[in-house]
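Each remark here refers to the structure printed beneath this line.
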Amino acid sequence: MRDFIRLTDLQPNDVYHIFHIADEVAKGKYRGFLKGKSAVLFFPASSIRTRVTFEKGIYLLGGQSILFPTDALNKKEDLRDVCGYLNHWADIIVARHKDIQILEKISKYTKVPVINAMTDVNHPCEILADLYALSKMREDFICDKYLFCGKSGNIGLAWKEASEVMGLDLSQCCGEGYEIEGIKACHDIREAVIGKDIICTDSLPADVLEDFRSCQVTKEAMGMANPKAVLNPCPPFYRGEEVSDDVIDSGYFVGYEFKKSLLAVQQAVMIWCMENDEKDWR
């Protein structure tokens, strides 16, 4: 049994093993892996892509989803007591919560795997799925040069986690004062994209847009990156804000295709977390 809370909890061989499982899932293997099993999910009402792919993934593996709003984890009842009961009925827990310490407490008090479906400091499933998609379309995604455009937040910090695990060359384009600690930062997109292969973005709060005026990814800016560079904006993205309208409608944009990988990768993560306990499932 394993948890999946931070990418930095993994080794490169774990990442490649999850990719292999995702390949097998895509071939139709692991059907029935969750037969007779219940996955307890905690998601806010606003979640779309992550929740849909987890629920569909559980269904395709033969399991049952039991969904609660994230607020259910904020009740007065002590988490150790909540988990004491869930230990009787849950086989895996998937949770989205602002506070990663809540997920760590659930992990401490439960006897089943816990998967992080997003916190305020990271989004490991999202970035792992992006890396999987890149592994299918790039000659060697490890050797590509990555640029994250956005402020220090859960998406940027998750890309930093990925860079630490996989040894990726990662830099940042952001307004002054929004730098991610330990990552080389540039404050002008026209300079930042030079020599880059993979450009990633995150949406911006309305009150910081003015600080990021020189960081918007445009079709013109993408033309200054390396040949065959791609743009992968983290959804939800907003045309005319962190990305221009014309770049989303261009051949640089790979976002829709990338997110197809969420389904297989999140199934693979669940299988990876449970495979030691379920090795005789076939």
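Hydrogens, waters and symmetry mates play no part in the numbers below; they use all other heavy atoms, side chains included. Given the structure is predicted, the values throughout are model-derived calculations rather than measurements. Throughout, numbering of the chain's residues begins at 1 and tracks the sequence.
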Test of ring centre spacing under 6.0 Å for Phe253 and Phe237: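 Close enough - the centres of the two rings lie under 6.0 Å apart.
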
Sequence neighbours excluded and cut-off under 3.5 Å, please list the side-chain donor-acceptor pairs for residues 115-122, or say none.
| unit_1 | atom_1 | unit_2 | atom_2 | d |
| --- | --- | --- | --- | --- |
| Asn116 | OD1 | Met118 | N | 2.7 |
| Asn116 | ND2 | Ile5 | O | 2.9 |
| Asn116 | ND2 | Asn122 | OD1 | 2.8 |
| Thr119 | OG1 | Val121 | N | 3.1 |
| Thr119 | OG1 | Asn122 | N | 3.2 |
| Thr119 | OG1 | Asn122 | OD1 | 2.7 |
| Asn122 | ND2 | Ile5 | O | 3.1 |
| Asn122 | ND2 | Glu161 | OE2 | 3.2 |

From CA spacing to verdict: side chain to side chain contact (heavy atoms under 4.5 Å, CB included), Tyr146, Ile199: CA-CA 6 Å; Tyr146 292 72; Ile199 289 78; over 6 Å; no

Test log, rule side chain to side chain donor-acceptor pair (under 3.5 Å), inputs Glu242 and Ser203: CA-CA 6 Å; Glu242 77 274 18; Ser203 56; 5.1 Å; no

Between Tyr178 and Asp211, a side-chain donor and acceptor under 3.5 Å: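 Yes - a donor-acceptor pair under 3.5 Å links their side chains.
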
Test item: side-chain donor near acceptor, Ser244 and Arg239, under 3.5 Å: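 There is no such pair (donor and acceptor under 3.5 Å, judged by atom type) between the side chains of Ser244 and Arg239.
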
Exam field: side chain Ser47 to backbone Pro44, donor-acceptor pair closer than 3.5 Å: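 Flag not set: sc Ser47 to bb Pro44 has no pair under 3.5 Å.
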
Asn87 (side chain) donor-acceptor with Tyr109 (main chain) under 3.5 angstrom: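 Flag set: sc Asn87 to bb Tyr109 pair under 3.5 Å.
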
Anything under 30° is parallel, anything over 60° is perpendicular, the rest tilted; go ahead and classify [X] against [Y].
X: His17; Y: His20; value: parallel
X: Tyr16; Y: Phe141; value: perpendicular
X: Tyr85; Y: Trp89; value: parallel

Taking every non-hydrogen atom, the tightest pair across Ala229 and Lys196: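 Shortest heavy-atom separation between Ala229 and Lys196 comes out as CB-O, 3.8 Å.
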
Salt-bridge criterion met for Asp144 and Arg138 (N-O under 4.0 Å):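 Arg138 and Asp144: salt-bridged.
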
N-O pairing of Asp197 and Lys145 below 4.0 Å: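 Looking at Asp197 and Lys145, the cut-off is not met.
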
Phe54 and Leu263: CA distance, side-chain angles, deciding distance, side chain to side chain contact (heavy atoms under 4.5 Å, CB included) verdict: CA-CA 7 Å; Phe54 263 115; Leu263 179 60; over 6 Å; no

Intermediate values then yes/no, side chain to side chain donor-acceptor pair (under 3.5 Å), Tyr132 and Asp23: CA-CA 10 Å; Tyr132 177 75; Asp23 288 342; 2.5 Å; yes

Side chain proximity check, Ile198 to Leu168, heavy atoms < 4.5 angstrom: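 No - every pair of side-chain heavy atoms lies 4.5 Å or more apart.
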
Atom pair CG (Leu34) and CG (Leu61), whose distance is rounded to the nearest 0.5 Å: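 Spacing of CG (Leu34) from CG (Leu61) equals 4.5 Å.
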
Salt bridge (Lys or Arg N to Asp or Glu O under 4.0 Å) between Lys259 and Glu126, worked out: CA-CA 8 Å; Lys259 296 313 164 192; Glu126 185 89 11; 2.7 Å; yes

Side chain to side chain donor-acceptor pair (under 3.5 Å) pairs, two or more places apart, involving residues 1-13: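 Qualifying pairs, neighbours excluded: Arg2-Glu275, Asp3-Ser107, Arg6-Glu104.
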
